[in-house]
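Working notes for the structure below.
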Amino acid sequence: MSNKKQSNWWVYLILFAGIMLMIIPLIVTIVSSFKPTAEITGNFFGLPKEFTLDNYQRLFQDGISQYFFNSSLLTVVGVGLIVVIVPMAAFSIARHMKRSKAFAIMYIFLIIGIFVPFQVIMLPMTKLMSVLDLNNHVGLILLYLAYAIPQTLFLYVGYIKAIVPEDMDEAAAIDGCDKFTMYWKIIFPLLKPMHATVLIINALWIWNDFLLPLLVLNKDQNLWTLPLFQYNYQGMYFSDYGPSFASYVVGIIPILIVYLIFQKNIISGMTSGAVK
């Protein structure tokens, strides 16, 4: 047994190297957020001569609270709609796709969006949102819901087919439950691991998304999200690194908290929903 462990030392070495590649940038980001820009450019990896909160004060002076609220609103509402709407469609498709070609075709039609590159639809989408006067938070939330459907539906359908037997539907019907009651009180709670998986995947995507807000919200600075605000510190000839690193720390904290809360259910949801 000891020989086997000794022969696998390189595996642990690779894992340790991978961990360091993730931890070192995080440490550098946190430390740099307490350093002025001049000190960051002069001694990037060094500790600050004197820890300062000037970068964080600068963020609040520049109105980060508004952009933090905008990102929070988009993330909470967008993820909430995804977790509520997509499972209903997935449950219906999972239960009928074997018996109905219409549901099978619908499922293929919806998940085929996974294979469509965003660059192909980027310009038509931007033009359409402008014509419909949806260059605002409502339009962006609708886009997040639409773009989340292919992957999320695929995960939910696979999870329902693998974990939730059809016998449960029959038992609920015998007990007098209608379809709506049966879904919300029995099926929906059973999808908790997949809810956690979908929540963290889409929350991370929406919270950090830069391209869609840039295309949809670029007409009004008051609608900007946190990533757009962070990009404001980057210029062609000069970058204000101090506030930039401070804004990155502020952006990391909420999504890290969400991940820590739901991490127990993420792996089980992914492994159960991806295959049957």
Donor-acceptor check, side chain of [X] to backbone of [Y], threshold 3.5 angstrom: yes or no?
X    : Y    : value
S33  : I30  : yes
N208 : P227 : no
H137 : L223 : yes
S32  : T29  : no
S247 : S244 : yes

Nearest heavy-atom pair of [X] and [Y]: which atoms, and what distance?
X    : Y    : result
T37  : P243 : OG1-CD, 4.1 Å
H195 : P87  : CE1-CG, 4.1 Å
G46  : K35  : O-NZ, 2.8 Å
N202 : V198 : ND2-O, 2.8 Å

Pairwise distance [atom1]([X]) to [atom2]([Y]) - rounded to 0.5 angstrom:
X    : Y    : atom1 : atom2 : result
L153 : I93  : CG    : CD1   : 4.5 Å
D209 : I206 : CG    : CD1   : 8.0 Å
T126 : L215 : OG1   : CG    : 4.0 Å
I27  : M20  : CD1   : CE    : 7.0 Å
I141 : L145 : CD1   : CG    : 9.5 Å
F69  : I64  : CZ    : CD1   : 14.5 Å

In the structure I gave you, are the side-chain heavy atoms of [X] and [Y] within less than 4.5 Å of one another anywhere?
X    : Y    : answer
W207 : V79  : no
F229 : S71  : no
F245 : V31  : no
M122 : L211 : yes
F91  : L191 : no
R95  : I160 : yes
P213 : W224 : no
P193 : Y159 : yes

For [X], does the [atom1] atom sit with more than 12 other heavy atoms under 6.0 Å from it, leaving out its own atoms?
X    : atom1 : value
F16  : CZ    : no
Q66  : CD    : yes
Y231 : OH    : no
D133 : CG    : no
I112 : CD1   : no

Is [Y] reachable from [X] through a run of hydrophobic residues whose side-chain heavy atoms are each under 4.5 Å from the next?
X    : Y    : value
F68  : L53  : yes
V250 : F60  : yes
V138 : V131 : no
I257 : L226 : yes
I23  : I14  : no

Stepwise, does the side-chain contact (heavy atoms from CB on, under 4.5 Å) test hold for K219 with S130? CA-CA 10 Å; K219 291 185 178 180; S130 179; 3.8 Å; yes

Indicate the ring-plane relationship of H96 and F103, choosing parallel, tilted or perpendicular according to the 30° and 60° boundaries.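 Geometry flag for F103 against H96: parallel rings.
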
Test side-chain contact (heavy atoms from CB on, under 4.5 Å) applied to M129 and L142, step by step: CA-CA 10 Å; M129 300 304 286; L142 292 176; 5.6 Å; no

Go through Y67 and T225 one step at a time and tell me if the side-chain contact (heavy atoms from CB on, under 4.5 Å) criterion holds. CA-CA 5 Å; Y67 308 115; T225 58; over 6 Å; no

Y144 and W205: side-chain contact (heavy atoms from CB on, under 4.5 Å), yes or no, with the steps? CA-CA 9 Å; Y144 282 136; W205 163 47; 3.5 Å; yes

Identify which one of D62, N55, D54 satisfies the side-chain hydrogen bond (donor to acceptor under 3.5 Å, both in side chains) criterion when paired with R58.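 Going through the options one by one, the only one that passes is D62.
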
In terms of side-chain heavy atoms, does Y241 have a donor or acceptor partner in E39 at a distance below 3.5 Å? no

Centre-to-centre under 6.0 Å for F34 and Y56, is that the case here?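 Between Y56 and F34, which both carry aromatic rings, the centre distance is below 6.0 Å.
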
